[in-house]
Student: 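Just dropping this structure here.
Residues: numbered from 1 along the sequence shown. Indexing begins at 1, ligand by ligand and atom by atom, following the structure's order.
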Amino acid sequence: MKTSVIGYPRIGKLRELKFAEEKYFRGELTERELRDTAEALRVEHWRTQDAADIDLIPSNDFSFYDTTLDAAELLNIVPARYRELGLSPLDTYFAMARGYQGPAGDVKALAMKKWFNTNYHYTVPEIDDDTQIKLVGTKPFDEYAEARSYGFETKSVVLGPITLLKLARFTGTKTIADVEADVAQAYADIIAHLGHLGAPWVQLDEPWLVRDLDADDLALVRRVFERVLANTGSVKVLVQTYFGDVRDCYDLLAELPFDAIGLDFIEGTRTLDLVRTHGFPKDKLLVAGLVNGKNIWRNHFGKTLDVVDELRKTGAEMALSTSCSLLHVPYTLANETKLKPEYAEHFAFAVEKLGELHELATLLEEDDPRASQAFVANAQLMGARPDKDDAAVQARVAAITDDEYTRLPARPERERIQKDEFKLPLFPTTTIGSFPQTRDVRAERRALKRGEVTRDEYEQFMRDKIAACVKLQEQIGLDVLVHGEFERNDMVEYFGEQLNGFLFTEKAWVQSYGTRCVKPPIVWGDVSRPHTMTVKWSTYAQSLTKKPMKGMLTGPVTILNWSFPREDISREESTKQIALAIRDEVLDLEAAGIRVIQVDEAALREKLPLRKSDWFSEYLDWAIPAFRLVHSACKPTTQVHTHMCYSEFTDIIKAIDAMDADVITFEASRSDLLILDSLAENHFETEVGPGVYDIHSPRVPSTEEIVDALHKMLAKVKPEKLWVNPDCGLKTRGEAEVLPSLEHMVAAARQLREEHQA
Ligand code: GLN
Ligand code: ZN
């Protein structure tokens with residue numbers, strides 16, 4: 001059986017590409033040197049895959065920033081404002097990716113968005129009325145030829161035409177219909193060109209096809225691919241789907257003249273059923289995504305073989321593949337020196353997944369694969385995962401009762417009680433939690449890790465920071481204060497490190513976008529809270545002021561969404577365990593005298609299923625109750641806040657209200673306040689603090705500007721429900737801009753109060 005890899009991590013084993021690019025940006029590396037580093041990485045990646053006997057090794061999966069941007073550039077989708085800078089092609093590319101400010105001009109970067117249901121972000125291509133879509137670039141050809149020159153035959157990977165069209169932003173009057181023919185022609189040209197080079201395979205990535213598709217979408221897919229595939233010559237075309245199943249277009253893909261169809265059997269809950277009930281065309285290769293490209297657990301050979309057995313019954317010719325690009329997992333376990341072997345043997349990062357593909361393919365050649373040594377060893381491994389079960393946690397989850405999902409009294413009653421309890425002014429002011437994480441703060445945390453300062457010294461340092469932060473907020477005149485979150489490296493890692501059930505890695509970086517990588521924790525076993533996590537800091541901060549001090553926690557959905565989840569229990573089950581741990585912390589904060597508690601669900605929206613039809617049944621129906629579980633036992637006088645980073649929740653507004661928080665703050669300043677209409681239309685009950693200024697920029701907003709934003713908000717939100725706060729945490733900002741920004745914010749709130757009293 002053949003093996004195929006959809007894409008490989010391009011950042012390098014130790015993030016070499018990131019560091020080289022950052023040097024290039026700082027002018028410490030020439031373009032030639034950067035290109036040499038990139039070439040060396042590509043060659044190493046091909047060599048590694050070749051050594052693992054992978055048959056269909058990808059090329060053109062490399063990128064200096066993002067492969068969606070690469071596809072746009074390849075097709076001449078480069079807005080004029082970037083061309084007009086007159087920079088080199090590479091710098092024009094980086095200008096689109098990161099923006100440019102310098103002697104040649106001043107342009108912002110193209111927009112960036114989350115890549116389907118992953119934590120990776122792609123650059124949004126921009127098509128305007130002047131865009132002439134045609135094949136102008138050579139990247140896939142160059143990289144194919146380069147691989148060949150090193151002795152590697154590869155499958156050239158390009159983002160597919162449908163996904164490109166659907167992800168692009170049309171900024172003029174043109175729509176997809178106006179450009180689809182040009183796009184299809186450009187892809188036909190790409191294939192023809194690969195044919196001249198003698199390339200055997202092209203893989204067109206079409207993750208868009210796993211979404212809900214209507215009749216118009218299907219017609220588009222048909223029209224575009226009939227054109228793309230009209231004359232492919234000697235090049236075989238693989239349409240590669242991932243992140244779900246293609247239930248809406250399975251028959252269409254089977255009918256179109258592709259040579260191979262790549263299907264995801266991991267996230268595609270219906271993929272196996274589709275193949276079983278509809279059959280698979282005899283003239284095509286089935287590229288079966290059975291090795292999870294998104295999670296870090298070893299493949300369960302028993303489960304994989306069961307699927308393969310089913311697939312073999314259809315008589316289809318098959319290749320074994322990753323379920324998506326390996327871009328979404330860390331590079332290699334070999335970098336981890338501290339993970340105990342009895343844990344580490346349960347993981348497979350990118351390099352180890354190559355080994356799994358090879359092992360599975362070999363084993364499948366045998367007469368009785370289940371009798372093979374590799375199979376037996378794998379079965380043993382699956383049965384032996386130490387320290388994962390905690391009977392007490394499982395019993396506690398099983399014993400959750402329905403009323404634990406409901407906080408009483410109901411919100412309107414609580415609102416009255418809390419108005420009386422806090423006697424806050426109209427338009428209360430607050431912040432989202434973090435204050436600038438300055439160099440000294442990060443240095444102190446590092447020093448503690450390295451044992452250069454004692455615990456006591458460290459804690460004294462943090463107390464000083466908190467005291468200064470509280471004093472600053474009192475001077476500014478904020479109403480509900482925060483302690484500043486100086487002790488936290490990251491809003492998920494901080495809690496994961498203190499909870500039972502999490503594991504941490506040293507070098508398991510995953511690309512988030514461009515040169516940015518994240519190192520998600522791993523949920524290893526049942527989660528519980530051995531001790532309080534934040535009470536010490538919050539009560540200290542509260543002791544310094546008479547104003548209410550917000551306790552700051554991260555919510556269960558966000559903690560799980562920004563970690564590698566378990567595969568032996570459901571996400572729902574894991575979320576409930578984490579929710580119970582956070583619930584305990586909430587109650588301990590309350591008992592210690594903290595009267596306002598914020599539980600951040602920054603990532604709640606992110607993991608909405610790709611199909612709208614699955615939103616409730618597969619996600620919101622348990623994610624929202626999990627949040628309620630966190631705060632349902634609070635006293636009516638305790639004010640529960642939550643915070644979400646994206647304002648794009650118009651379509652789930654009822655679900656957000658059903659979180660039953662007392663106050664929600666969210667990003668709004670960059671979204672034209674569109675969300676406000678929807679709040680009004682849906683009679684949103686939760687008190688709201690739509691961010692009054694953008695914290696992602698160092699710009700200091702003026703008082704007038706904030707007053708203006710508040711006026712707009714007041715057109716849609718009742719005055720007694722409106723809070724005044726920035727968009728998000730101030731962690732990444734400098735102290736210099738934070739002070740005047742918050743002063744202007746408080747001044748704006750005061751001005752509004754006067755207007756309302758008058
Ligand atoms: N409380 C967190 C902070 O202020 C929230 C961060 C976030 O929403 N991403 O940093
Ligand atoms: Zn935020």
Student: Under a 4.0 Å heavy-atom limit, does Met491 contact ligand 1 with its side chain, its backbone, both, or neither?
Tutor: side chain
Student: Numbering the atoms of ligand 1 from 1, which are under 4.0 Å from a heavy atom of Gly433?
Tutor: 4 (O)
Student: Atoms of ligand 1 less than 4.0 Å from Asp600 heavy atoms?
Tutor: 1 (N), 2 (C), 5 (C)
Student: Quick check on contacts: which atoms of ligand 1 are under 4.0 angstrom from a heavy atom of Ala602?
Tutor: 8 (O), 9 (N)
Student: Closer than 4.0 Å to some heavy atom of Cys645 - which atoms of ligand 1 meet that?
Tutor: 7 (C), 8 (O), 9 (N)
Student: With rounding to 10 degrees, what does the angle His643:NE2 / the Zn ion (ligand 2) / Cys728:SG come to?
Tutor: 120°
Student: Working to the nearest 0.5 angstrom, can you tell me the gap between Phe427 CZ and Lys721 NZ?
Tutor: 14.0 Å
Student: Looking at ligand 1, would Lys731 count as a contact under a 4.0 Å heavy-atom criterion?
Tutor: no
Student: Answer yes or no: does atom CD of Glu506 have more than 12 heavy-atom neighbours from other residues, nucleotides or ligands under 6.0 Å?
Tutor: yes
Student: Parallel under 30°, tilted from 30 to 60°, perpendicular over 60°: which one fits the rings of Tyr120 and His328?
Tutor: perpendicular
Student: I want to know if ligand 1 touches Ile432 in the polar sense, i.e. an N/O pair below 3.5 angstrom.
Tutor: yes
Student: Are any non-hydrogen side-chain atoms of Gln437 and Thr732 less than 4.5 angstrom apart?
Tutor: no
Student: Using side-chain heavy atoms (C-beta onward) and a distance below 4.5 Å, is Ile522 in contact with Phe504?
Tutor: no
Student: How close does the nearest protein non-hydrogen atom get to atom 4 (O) of ligand 1, and which residue and atom is it?
Tutor: Ser434 N, 2.9 Å
Student: Using a strict 4.0 Å cut-off to heavy atoms of Gly729, name the atoms of ligand 1 that fall inside it.
Tutor: 3 (C), 4 (O), 10 (O)
Student: If you measure from OG1 on Thr638 to CD on Glu590, what distance do you get to the nearest 0.5 Å?
Tutor: 3.5 Å
Student: Can you confirm whether Asn500 sits close enough to Val527 that some side-chain heavy atom of one is under 4.5 Å from a side-chain heavy atom of the other?
Tutor: no
Student: With a 4.5 Å limit on heavy-atom distance, are the side chains of Phe564 and Lys294 in contact?
Tutor: no
Student: Can you list the atoms of ligand 1 that are under 4.0 Å from a heavy atom of Cys728?
Tutor: 7 (C), 8 (O), 9 (N)
Student: His643 to ligand 1: N or O pair under 3.5 Å?
Tutor: yes
